[in-house]
Number of protein chains: 2
Amino acid sequence: MIISRTSQYAIQALIYLATQPGGRPVLSRDIAHNLGVSPPYMAKVLQGLCRGQLLDSTRGRRGGFVLRSGAEHANLLEVVLLTDGPRVDRECLLGLKACQDETACPMHLNWKVVKKDIHACLGGITLRHLAKAVQSGQYRLADLPQGLASH
Amino acid sequence: MIISRTSQYAIQALIYLATQPGGRPVLSRDIAHNLGVSPPYMAKVLQGLCRGQLLDSTRGRRGGFVLRSGAEHANLLEVVLLTDGPRVDRECLLGLKACQDETACPMHLNWKVVKKDIHACLGGITLRHLAKAVQSGQYRLADLPQGLASH
DNA sequence: CCATATCACGACTCTGATGTCCTGTTATGC
DNA sequence: GCATAACAGGACATCAGAGTCGTGATATGG
């Protein structure tokens with residue numbers, strides 16, 4: 001896994017919110033349900049996104065979560081850096097703690113190229129792009145619920 | 001982490017063995033010591049590599065591990081597939097279980113390109129290449145032992 | 001101002017990967 | 001053959017990430 005489960009849920013939730021009409025908050029439990037994630041865990045992930053300034057939350061009746069204005073232009077790298085920290089960028093393929101250009105593992109140069117590709121891939125795509133893709137109907141944000149063929 | 005710790009240790013051990021003069025077996029504990037890995041865990045990793053046909057082991061006095069003949073031409077993808085299974089290839093960035101071309105997540109096409117790059121990177125480099133690199137003295141196979149500055 | 005609906009947050013549990021240990025098997029050399 | 005040196009392999013321990021729960025805070029609507 002290149003990114004943590006928490007990051008995956010975070011990205012899914014953000015895309016989902018980006019597909020919703022702005023203005024009215026969406027319930028944590030509705031997001032969880034739509035994505036097939038356990039409600040308590042989704043709640044925790046959403047809290048993290050609020051702390052990271054990507055979401056706004058309102059409590060009480062008619063409360064819930066909305067994308068902050070401007071957050072739809074955040075790219076995936078920003079989201080992953082927020083939830084997983086700088087791991088994605090730094091990590092050495094062989095696990096060396098000190099794998100820099102001067103003190104490199106034998107895969108360093110090759111792996112550096114791949115990391116750049118990953119960086120570009122994540123950094124070049126915004127929540128808005130992904131929301132549009134989902135809205136086109138050609139892509140899925142979550143696995144289908146099981147039991148589809150069961151009746 | 002794109003590959004497991006076990007895979008990282010496996011690759012390190014294989015490269016290390018590829019740098020050793022063939023013929024005489026190398027002790028599990030010597031490999032562990034040279035790479036800064038705990039001896040029992042390294043022993044377990046080496047056993048896996050024997051089962052996977054990459055190493056030969058001999059027991060008893062003057063026993064230890066040697067690279068099987070031909071194994072130096074194994075590439076990193078083969079090693080990772082052996083120790084981690086097909087995870088690296090398949091995995092969806094967003095964690096969907098069924099993310100194929102027809103039932104794709106919105107990152108599928110972009111991520112497919114990155115996976116191809118990773119595949120090429122791992123598949124294009126053999127243990128021999130890496131052993132040569134280490135033998136050149138320009139690269140490290142393990143972190144320096146701590147306490148270097150302590151006396 | 002009270003009941004209710006919702007998020008906030010810390011504490012707890014669970015699980016799989018990592019790491020350790022012990023006993024058994026096999027080879028060597030005297 | 002017996003003592004010793006090494007791997008084999010399963011059982012056990014530890015830890016971090018994933019997931020759950022309960023209590024508190026806050027907003028709404030009557």
Side-chain angles (χ1 to χ4, degrees), chain A residues 1-13 17 23-33 35-68 80 82-85 87-88 91 94-95 97, chain B residues 1-13 17 23-33 35-68 80 82-85 87-88 91 94-95 97:
Chain A
M1 277 206 194
I2 190 134
I3 62 176
S4 70
R5 204 125 258 267
T6 297
S7 280
Q8 293 178 336
Y9 291 160
I11 293 171
Q12 289 178 18
L17 283 171
R24 63 187 138 176
V26 183
L27 296 189
S28 169
R29 91 171 87 93
D30 287 346
I31 300 172
H33 203 250
L35 299 178
V37 174
S38 89
Y41 196 33
M42 179 50 81
K44 181 181 273 191
V45 172
L46 293 172
Q47 277 172 43
L49 294 175
C50 284
R51 276 193 292 267
Q53 323 282 315
L54 287 172
L55 296 184
D56 279 323
S57 67
T58 49
R59 304 201 214 192
R61 285 195 178 184
R62 311 198 57 77
F65 295 88
V66 279
L67 218 53
R68 275 214 184 176
V80 172
L82 176 63
T83 47
D84 281 355
R87 217 179 50 135
V88 199
E91 212 156 58
L94 298 189
K97 280 169 199 131
Chain B
M1 276 204 194
I2 190 135
I3 62 178
S4 71
R5 204 123 257 261
T6 296
S7 279
Q8 293 178 335
Y9 290 161
I11 293 172
Q12 289 177 17
L17 284 171
R24 62 188 138 176
V26 183
L27 297 187
S28 167
R29 89 172 86 92
D30 287 347
I31 300 172
H33 202 249
L35 299 178
V37 174
S38 89
Y41 196 34
M42 179 51 80
K44 180 177 273 192
V45 172
L46 294 171
Q47 278 172 43
L49 295 175
C50 285
R51 279 194 289 268
Q53 323 283 315
L54 287 173
L55 296 183
D56 280 323
S57 67
T58 49
R59 303 201 213 191
R61 286 196 179 185
R62 311 198 55 76
F65 295 87
V66 279
L67 218 55
R68 277 214 181 174
V80 172
L82 176 64
T83 47
D84 280 356
R87 217 180 50 134
V88 198
E91 211 156 59
L94 297 190
K97 281 169 197 130

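Proteins come first, then strands; the chains are lettered A, B, ... in the order of their sequence lines, and each starts at number 1.
Distance alone, capped at 3.5 Å, is enough to place a donor-acceptor pair between the A:D84 side chain and the A:S4 backbone.
In this entry the distance linking OH of A:Y41 with C1' of D:dG22 reads 19 Å, nearest Å. Between A:Q47 atom CD and D:dG19 atom P there is a gap of 16 Å when expressed in whole angstrom units. Atom-to-atom, CG of A:D84 to P of D:dG17 comes out at 9 Å; the value is rounded to the nearest Å. The interatomic distance linking A:R29 (CZ) with D:dG19 (C1') rounds to 19 Å, in whole Å. A straight line from CE of A:M42 to P of D:dA18 spans 13 Å, rounded to a whole angstrom.
Residue B:T58 holds its OG1 atom at 8.5 Å from CZ of B:F65, rounded to the nearest 0.5 Å. In this structure, the separation between CD1 on A:I3 and CE on B:M1 is 15.5 Å, given to the nearest 0.5 Å. Rounding to the nearest 0.5 Å gives a distance of 12.5 Å between NE2 of B:H33 and CG of B:L27. Taking CG of A:L17 as the reference point, atom CG of A:D56 lies at 11.0 Å (rounded to 0.5 Å).
Counting any heavy atom pair closer than 4.0 Å across all strands shown, B:L46 reaches no nucleic acid atom.
In the set D:dT20, D:dA25, D:dC7, D:dT20 carries the atom at the smallest distance from any side-chain atom of A:P40. For B:F65, taking side-chain heavy atoms from C-beta onward, the closest of the listed nucleotides D:dC21, D:dA8, D:dA18 is D:dA8.
If you check distances only, the side chain of B:R61 never reaches the base of D:dA6 with a donor-acceptor pair under 3.5 Å. Residue-to-nucleotide contacts include a donor-acceptor pair under 3.5 Å from the side chain of A:K44 to the base of D:dG19.
Close to D:dA8, at under 4.0 Å from its OP1 or OP2, lies a side-chain N or O of B:S57.
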Please lay out, stage by stage, how A:L67 and A:L55 fare under the test side-chain contact (heavy atoms from CB on, under 4.5 Å). CA-CA 5 Å; A:L67 218 53; A:L55 296 184; 3.6 Å; yes
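Across every non-hydrogen atom of B:C50 and B:S57, the tightest pair is SG-CB, 3.7 Å. Closest heavy-atom contact between B:R62 and B:P25: O-CG, 3.5 Å. Minimum heavy-atom separation, B:V66 to B:R24: CG1-O, 3.8 Å. Of all heavy-atom pairs spanning A:L35 and A:M42, the tightest one is CD1-CE, 3.7 Å.
For DNA chain C, the outermost nucleotides in 5' to 3' order that have an atom under 4.0 Å from a heavy atom of chain B are C:dT18 to C:dG29.
An end-to-end axis angle of 0° holds for the helix from C:dC1-D:dG30 to C:dC30-D:dG1, taken from five base pairs per end and rounded to 10°.
Residue order along DNA chain D, read from the 5' end via each residue's closest nucleotide, puts B:G63 first among B:G63 and A:P39.
Near DNA chain C, meaning a heavy atom under 4.0 Å away, there are no residues from residues 2-9 of chain A.
Heavy atoms from other residues, nucleotides or ligands lying under 6.0 Å from CZ of B:R87 number more than 12.
The side-chain heavy atoms of B:V45 and B:V37, taken from C-beta on, include no pair separated by under 4.5 Å.
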